[in-house]
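Just so we're on the same page: letters track the sequence lines, and every chain starts at 1.
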Amino acid sequence: MMTDHSEDTPRKKGPNFIEAIVEEDIRTGRDSGRVHTRFPPEPNGYLHIGHAKAICLDFGIAKKYGGKCNLRFDDTNPSKEDVEYVDSIKEDIRWLGFDWEDREYYASDYFGQLFAFAEELIRKGLAYVDDQSSEEMAAQKGSPTVAGTESPYRKRTPEENLDLFHRMNAGEFPEGSRVLRARIDMASPNMHMRDPVIYRILFHPHHRTGEAWKVYPMYDFAHGQSDYFEGVTHSLCTLEFEVHRPLYDWLVEHLKEDSYRPRQTEFNRLNLTYTVLSKRLLLALVKEGKVKGWDDPRMPTLTGLRRRGYTPESIRNFNDSIGYTKVMATNDVGLLEFAVREDLNKRAPRVMAVLDPLKVIITNYPEGKVEDMETINNPEDESMGSRTIPFTREVYIERGDFMEDPPKKYFRLGPGREVRLKSAYIIQCEDYKKDETGKVTEVYCTYDEATRSGGSQADRKVKGTLHWVSATHALEAEVRLYDRLFSDPEPGGHKDKTPMDFLNPDSLTVVKAYVEPSLKQANPLDHFQFQRLGYFNLDPDSRPDQLVFNRTVTLRDTWGGGN
RNA sequence: UGACCCGUGGUGUAAUUGGCAACACGUCUGAUUUUGGUUCAGAAGAGUCCAGGUUCGAGCCCUGGCGGGUCAACCA
């Protein structure tokens, strides 16, 4: 069934385990029944479809239960972050269809409160300054199976620690020379509880606070506390943070002044076949020039998918369909493509385009005659109306739509065969011409005037219907055909190979095509279904005198005979 | 060989307080079609990682295995 996927009538599904938790919290009156989530990106790169999964959850839960969702930039590491990313992230979230209203926050907004909280921990003897190198501390940390040993600085007095911490922030000590650690348990079976570093010295200017601070909180020290400051009730994050939860809770427990405390719940991160979603790899693809940029249509970034022609609705529906669990899952990218086709099938007007032209000359059609043939824009949506396309004596059809010696189940053009030219006439192949290499160069046909679309013989059945464009009216266009960027289903799942070893050399193919004249009026990012060829959109680089189209996704191909 | 998490058709998810394993994608038929698309009708495909236990009855509960993931950044 695919009748109820529109925005107004979402798929009927039972609550996922996170919704079940939220519903239980509401039922028991936890936090007075408030539901408040947050989406917390670090502004150090572009958002990709994996982030979309988190965004749909964070904003989706808030919307479903009448709560709020904050946008919070987790900007605790100035050496990696930049305003460029802040802007792109905001744009991408809006494009996806979500709104944080006036709740745009930054972890850096809380640097003052966080610093004060650190001082409090120091006074309570729950944090200390460590002068060792990171190597020394790593050695003392032990291993998952061997308990760690305590730092020689662990017994410093609160007074000394406070003084050192202030001087760290005053810039008196070089980067890397000292850190502030929480004093928890060096023998904990959970590595994150072995006196984790909570503050480090960084001299890199911060994109928002500039030179104001010389010490910056670590993720673990900033996240739960930021949740607390914002009144977040449900802090949803991905599975790899599961082992951080005890530390999250430990810190919040020491910070809270009332009964309210945010709670972290983890869900599975998105994995897609033939796709890499690690920021490191995506950055490498851009830096090494394997793709043209973050918005290259082959990239799984939201900006790339948008340029490719994917719609926000299709991405939201896709997220809806894959669900949220704690299972390490790998989703078939075909599911995403299905969601795109499903959406585009309803909204994309059908147009004529020929990617690999073969000239057909209709010998009994008058030279110089032009007929305007009416054709419907979208059979899925009558309200999209119709338009006319010019028909002439010479037209182009797809090279693959003619075979000299067609197999039995082939029902397109061949010697002596009849086909209908969509919205025009039935033609019959009388002859064809080949060049020295044996390549077919022209096909000669006759047309039956009575079979004109809407005419007296219009109902006559023939096996095939072909798309075509008038050879004298067609516009030349550049069409970019995209294939998967990686040739392996799990490019990241190999021991001695990197995803780069599986780069698909044919991920981009550029062809010169002929398209119907009406496309001159197309706007950037407009969607089209090129008859029998797939869904395309007009690239933002396109100019009226040089049309450029991207193939968003192919049509479902049920014919095993190839093309 | 520590802690935590996970294990249902090929893939991803469902399965009210234990009650004949459901849905989507994919695959395969057939019908319709001026798109080999769409739409429609139907089919195949798992007995729920394994072994015990509790129970009239277990995918759901218990025990023990096996398998997979995360964690030893002054990243998030």
Side-chain angles (χ1 to χ4, degrees), chain A residues 1-2 11-14 16 40-42 44 74-77 79-81 130 133-134 137-139 141-148 175-181 188-194 197-202 215-216 218-220 222-223 237-246 266 268 273 279 320-332 334-339 341-342 345-346 350 352 375-376 379-380 409-412 419-424 426 451 453-454 458-467 529-534 555-561 563:
Chain A
M1 289 290 110
M2 40 197 62
R11 281 187 171 85
K12 290 181 217 74
K13 281 190 69 174
N16 59 43
E42 181 185 17
N44 69 343
D74 226 330
D75 56 350
T76 58
N77 187 350
S79 64
K80 288 187 167 184
E81 298 148 8
D130 197 320
S133 67
S134 56
M137 291 196 291
K141 206 138 197 174
S143 76
T145 54
V146 178
E175 283 188 6
S177 61
R178 285 182 165 85
V179 293
L180 184 69
R181 302 176 73 177
S188 170
N190 183 335
M191 298 295 288
H192 292 277
M193 300 299 271
R194 323 246 262 227
V197 171
I198 56 178
Y199 262 97
R200 79 290 215 185
I201 300 170
L202 252 25
V215 293
Y216 292 89
M218 298 287 290
Y219 164 85
D220 284 307
H223 205 95
C237 62
T238 46
L239 249 25
E240 64 269 29
F241 290 100
E242 242 161 0
V243 288
H244 291 243
R245 188 165 6 109
E266 310 84 10
N268 60 349
T273 55
K279 271 187 187 170
D320 241 30
S321 70
I322 61 175
Y324 298 86
T325 69
K326 295 178 92 82
V327 182
M328 190 62 80
T330 300
N331 296 276
D332 191 330
L335 204 55
L336 211 210
E337 293 170 346
F338 167 80
R341 290 191 188 102
E342 183 188 38
N345 178 50
K346 289 180 302 194
R350 276 56 170 166
M352 300 282 211
T375 188
I376 189 135
E380 305 298 315
K409 299 253 284 186
Y410 184 88
F411 46 81
R412 287 170 264 171
V419 294
R420 170 172 289 283
L421 293 179
K422 168 84 176 165
S423 299
I426 290 175
T451 61
S453 215
D459 290 339
R460 219 181 98 202
K461 302 294 177 201
V462 285
K463 278 184 283 184
T465 300
L466 306 185
H467 58 280
Q529 184 190 108
F530 287 2
Q531 302 275 11
R532 293 190 38 231
L533 297 172
L555 252 28
R556 183 163 166 269
D557 183 13
T558 55
W559 189 55
N563 190 23

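Side chains of A:E42 and A:D75 form no contact here, defined as non-hydrogen atoms less than 4.5 Å apart. Residues A:N268 and A:T238 fail the side-chain proximity criterion, which asks for heavy atoms closer than 4.5 Å.
A donor-acceptor contact under 3.5 Å links the side chain of A:Q531 to the base of B:U35. A donor and an acceptor atom sit less than 3.5 Å apart, one in the side chain of A:E380 and one in the base of B:G37. A donor N or O paired with an acceptor N or O is not found under 3.5 Å between the base of B:U35 and the side-chain atoms of A:R532. Residue side chain A:H244 reaches the base of B:A76 through a donor-acceptor N/O pair under 3.5 Å, judged by distance alone. For B:U13, the base has no donor-acceptor partner in the side chain of A:T325 [N/O atoms by modelled type, under 3.5 angstrom].
Of the possible polar contacts, one joining the A:T451 side chain to the A:I426 backbone as a donor-acceptor pair under 3.5 Å is found. Side-chain atoms of A:S143 come within 3.5 Å of backbone atoms of A:T145 as a donor-acceptor pair (strictly under, hydrogens ignored). When atom types are taken as modelled, the side chain of A:R412 and the backbone of A:V419 share no donor-acceptor pair closer than 3.5 angstrom. In this structure, the side chain of A:R556 does not engage the main chain of A:F338 through any donor-acceptor pair within 3.5 Å.
Rounded to a whole Å, the CE atom of A:M218 is 10 Å from the P atom of B:A73. Rounding to whole angstrom units, CZ of residue A:R341 and P of B:C25 are separated by 12 Å. A:L533 places its CG atom 10 Å from the C1' atom of B:U35, with the value rounded to the nearest Å. Taking atom CZ of residue A:R556 and atom P of nucleotide B:U35, one finds them 16 Å apart after rounding to whole Å.
When each of B:U13, B:C25, B:U34 is scored by its nearest atom to the side-chain atoms of A:L335, the top-ranked nucleotide is B:C25. With B:G36, B:U34, B:G26 as the choices, the nucleotide that has an atom nearest any side-chain atom of A:F411 turns out to be B:G36. Listed nucleotides: B:C74, B:U13, B:A76. Nearest to the side chain of A:M137: B:C74. Of all nucleotides listed (B:G36, B:C74, B:U35), B:C74 comes nearest to the side chain of A:S134. Nearest to the side chain of A:F338, among B:G2, B:C25, B:U34, sits B:C25.
Using cut-offs of 30° and 60° on the angle between ring planes, the pair A:F241 and A:Y219 is tilted.
As judged by a 4.0 angstrom heavy-atom cut-off over every strand, A:A458 is placed among the base-contacting residues. At a threshold of 4.0 angstrom between heavy atoms, the contacts of A:Y199 with the nucleic acid are absent. Residue-level contact check: A:S423 touches the bases, meaning some heavy atom is under 4.0 Å from a base atom. Counting non-hydrogen atoms under 4.0 angstrom, A:H192 reaches the backbone sugars and phosphates but no base. A:V327 comes within contact range of the sugar-phosphate backbone alone, with a heavy-atom separation under 4.0 Å but no base atom that close. Residue A:R350 is in base contact, counting any heavy-atom pair closer than 4.0 Å across all strands shown.
Expressed to the nearest 0.5 Å, how far SG of A:C237 lies from CD of A:E266 amounts to 5.0 Å. For the atom pair CE of A:M352 and CZ of A:F530, the computed distance is 12.5 Å after rounding to the nearest 0.5 Å.
Taking 4.0 angstrom as the limit, A:T375 places none of its side-chain polar atoms (N or O) nearer than this to OP1 or OP2 of B:U34. For the pair A:R420 and B:U35, the criterion of a side-chain N or O lying under 4.0 Å from OP1 or OP2 is not met. Put simply, A:R245 has no side-chain N or O that comes within less than 4.0 Å of OP1 or OP2 on B:C4. Here A:N77 does not reach the OP1 or OP2 of B:A73: none of its side-chain N or O atoms lies under 4.0 Å away. Contact between the side-chain N/O atoms of A:K461 and the OP1/OP2 oxygens of B:U34 is found at a separation under 4.0 Å.
Nucleotides B:G47 and B:U8 have their P atoms positioned 12 Å apart, rounded to a whole Å. The gap from the P atom of B:G2 to that of B:C60 amounts to 26 Å, rounded to the nearest Å. Comparing the same atom, C1', in B:G26 and in B:A72 gives a spacing of 42 Å after rounding to whole Å. Spacing between B:U32 and B:A24 at atom P, rounded to whole Å, works out to 24 Å.
Base orientation of B:G67: anti, the glycosidic angle falling outside 90° of 0.
Judged by closest nucleotide on RNA chain B, A:E242 is the one of A:E242 and A:G454 placed further toward the 5' end. Residue A:T330 is the one, among A:T451 and A:T330, whose nearest nucleotide of RNA chain B lies closer to the 5' end (criterion: closest heavy atom).
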Short heteroatom pairs, N/O only, protein and nucleotides 60-62 of chain B, under 3.5 Å:
none

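Between A:R200 and A:E175, none of the side-chain N atoms (NZ, or NE/NH1/NH2) sits under 4.0 Å from a carboxylate O, so this pair counts as no salt bridge.
Side-chain N/O atoms of A:S79 and A:N77 include a donor and acceptor closer than 3.5 Å.
In RNA chain B, runs of at least 3 consecutive Watson-Crick or G-U pairs, each pair with both distances below 3.5 Å, span B:2-7 with B:66-71, B:10-13 with B:22-25, B:27-31 with B:39-43, B:49-53 with B:61-65.
Smallest separation of non-hydrogen atoms from A:D130 and A:R181: OD2-NH1, 2.9 Å.
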